[in-house]
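Structure record follows, encoded as structure tokens.
Numbering of residues begins at 1 and proceeds along the displayed sequence. From a predicted model like this one, the values you see are computed outputs, not experimental measurements.
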Amino acid sequence: MGGDDDAPRWTADVPRPEVSIDYEDGVYRAELTNYVRKGDRVKDIRVRGPARSLRREAKKDAAELRKAAYCGGSDPALFHVRLRRKELETIKWKKEDLKEFEDVEEIQNEPPKTLAQKRQEEQRKREEEARSGHSDVLLRLAAADKPSEAHKPVGPNWKRPGSMTQLPQIEGHPSNSWFIHEKQDSSGKYRAWLFFNSSTGKYYAQKGTGYLQVGVPNSPQDYPVSVRVGSANLSSRSGKKLDMAVVLPELHKTGFMLKQALDFFDKPASLFVLCDGLRNVAAASEFCARKLHTLLLPKLSARASEWEDFELTDLLRDVVEALDALLLSSPASLAGCSLAVGLVAGTRLVLGALGGVRCIVCRPPTPEAAAAAKRIGISGPAPWTSQLLAGGDAHTIASEEERLRIESVSGRLVEGPPGMASSMRLSPVSARPAALAAIA
């Protein structure tokens, strides 16, 4: 990279930014891992690029994110990186922009002899790794001294490795000072995925056939927050149930049952999903209600370090994009649904909405508001306050922009009753006991 000469000087205990290309959910994404000092710890913060259909496009994104990271230095807010990431979402790379990046997909066009050689090299590499693993076991059995106590791992459920556990071979990291953190794989077997050396105080995660240094894991907190949930549904005029609600108030228990442990995630952790079926069909809402948590939990489980607010927002966006791709390739693709998601992480609530659904926070009147209402002669209880946090009229007839978009593609909006558009806007209303009784 030409910009490395101008890069800021990182200290010895803070690694330089690293980039990788991930292939998941049928698309390629660049991922930048940036390390920042937070108090007395080193934390890794990750920013992912937009979804790309070609690996070379994701490589170009990775190069751009890495340049932005060097430009921003050790900024813990990653202002330059996040700004560049937002710009990348609007960029469609041209062929001449990608000349310097090899397209790995073109490997299929290599001669058969070259592919055979590559397979032989991969086989030799696996055999060497196996021999190295056996050597490591013998070395650890021979080491009778106690592990270093210079540093202690952060977080729960760390343990000493067994004699058959393959450990990183890293210079300056004594082999008798490793601790491991395990989680279940798809078959239910526990396997090491995080490694900590008590002599150096550094953490590593297994990535592919190698090991990547990561930041200090999150020390999960259990906050005194009570989460109470409920859902209600009104059938359509035809009597169909078009709306689906997913309520997972204890996400740690759900993750454990699905072999996606959340050992480093703050408590309480909850997930709420509302799917509103369109076109008088519930197929899409049922599909999304069943799938969304299965896409979210593996991503939460794969992360040990603390989540920044913008990382949780990016996570929900990536999950919904993957869900949309699955829906479009399913038999329910023509049904469609609106979607709202709420994720509780300790004392934080992350919300997102698509389509004609809204996320609203309602608060009871404060003593000051009640006193003010009484002074101006308002009888009865003071009204609650409501605040729109996600969703709104972006995809309803109340939006002029939406109207113009539909008309630009030769569509037409059917006018509803007079005042319908204004009635869809948000306003706080306090329901009286008599009104609630009438609904029941």
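Across G346 and V225, no two heavy atoms sit closer than the pair O-CG2, 4.4 Å. The two residues N34 and A69 have their closest heavy-atom pair at OD1-CB, 3.4 Å. Summarising the geometry of G342 relative to L351, their closest heavy-atom pair is CA-CD2, 3.7 Å, with the distance given to 0.1 Å. Of all non-hydrogen atoms in V281 and A335, the two that sit nearest each other are CG1-CB, 4.0 Å. Scanning both residues, L312 and A345, for their nearest heavy atoms gives CD1-CB, 4.3 Å. Scanning all heavy atoms of the two residues, the minimum distance from A261 to S301 falls at O-OG, 2.9 Å.
Comment: E100 does not engage K59 in a salt bridge, judged by the lack of any side-chain N to carboxylate O separation of less than 4.0 angstrom. The existence of a salt bridge linking R52 and D61 is confirmed by a sub-4.0 Å separation between a basic side-chain nitrogen and an acidic carboxylate oxygen. Note on E306 versus K43: no salt bridge recorded, every NZ/NE/NH1/NH2 to OD/OE distance being 4.0 Å or above.
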Can I get a per-line list of side-chain donor-acceptor pairs under 3.5 Å for residues 286-299, giving both atom names and the distance, sequence neighbours left out?
residue : atom : partner : partner atom : Å
T294    : OG1  : K291    : O            : 2.5
K299    : NZ   : E24     : OE2          : 2.7

Show me the donor-acceptor pairs, under 3.5 Å and distance only, between side chains in residues 211-220 and residues at least two apart or in other chains.
residue : atom : partner : partner atom : Å
N218    : ND2  : F264    : O            : 2.9
N218    : ND2  : D266    : OD1          : 3.1

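Y28 and Y23 have tilted rings, their planes meeting at an angle from 30° to 60° on a 0 to 90° scale. Under the 30°/60° scheme for interplanar angles, the aromatic rings of F196 and Y203 are found to be tilted.
In this structure, C71 SG and R66 CZ are separated by 14.0 Å, a value rounded to the nearest 0.5 Å. R29 contributes atom CZ, which lies 12.5 Å from atom OG of S20 (distance to the nearest 0.5 angstrom). Rounding to the nearest 0.5 angstrom, the gap separating the CG atom in L343 from the CZ atom in F265 is 5.0 Å. Taken from CZ in F179 to CG in N157, the straight-line distance is 13.5 Å, to the nearest 0.5 Å. Rounding to the nearest 0.5 Å places CZ of R317 at 6.5 Å from CD of E321. Annotation: the span from R358 atom CZ to S338 atom OG amounts to 11.5 Å, rounded to 0.5 Å.
Residues L54 and W93 have side chains not in contact (no heavy-atom distance under 4.5 Å, counting atoms from C-beta outward). Side-chain atoms of L327 and L323, non-hydrogen and from C-beta on, never get closer than 4.5 Å to each other. Between L315 and W307 there is a side-chain heavy-atom pair separated by less than 4.5 Å. Two residues are said to be in side-chain contact when any heavy atoms from C-beta on lie closer than 4.5 Å; R303 and E311 meet this criterion. In this structure, L262 and H252 have side chains that are in contact, with non-hydrogen atoms separated by less than 4.5 Å. Between D22 and R48, the closest side-chain pair of non-hydrogen atoms falls below 4.5 Å. At least one side-chain heavy atom of K159 sits under 4.5 Å from a side-chain heavy atom of I180. Side-chain contact between R84 and H80 is absent, with no heavy atoms from C-beta onward closer than 4.5 Å.
No side-chain donor-acceptor contact under 3.5 Å links R55 to the backbone of I21.
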Tell me, with the steps shown, if L300 and L251 meet side chain to side chain contact (heavy atoms under 4.5 Å, CB included).
CA-CA 10 Å; L300 288 176; L251 209 54; 4.0 Å; yes

Go through the steps for C337 and D276 under the test side chain to side chain contact (heavy atoms under 4.5 Å, CB included), then give the verdict.
CA-CA 5 Å; C337 73; D276 178 23; 5.7 Å; no

Going through the distances and angles, do D44 and T33 end up as a side chain to side chain donor-acceptor pair (under 3.5 Å)?
CA-CA 6 Å; D44 61 300; T33 303; 5.8 Å; no

What verdict does the side chain to side chain contact (heavy atoms under 4.5 Å, CB included) test give for E57 and K92, after you've listed the backbone C-alpha separation in whole Å, the side-chain angles of each residue and the deciding distance to 0.1 Å?
CA-CA 9 Å; E57 295 176 321; K92 179 65 175 177; 3.6 Å; yes

Derivation and outcome, side chain to side chain contact (heavy atoms under 4.5 Å, CB included), residues V36 and I45:
CA-CA 8 Å; V36 297; I45 303 177; 3.7 Å; yes

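Evaluation of the side-chain hydrogen bond (donor to acceptor under 3.5 Å, both in side chains) rule for Q206 yields no partner, not counting sequence neighbours. With sequence neighbours excluded, no residue forms a side-chain hydrogen bond (donor to acceptor under 3.5 Å, both in side chains) with S285. Considering only residues two or more places apart in sequence or on other chains, N280 meets the side-chain hydrogen bond (donor to acceptor under 3.5 Å, both in side chains) condition with S238.
Counting only residues at least two apart or in different chains, salt bridge (Lys or Arg N to Asp or Glu O under 4.0 Å) contacts with residues 218-233 are absent.
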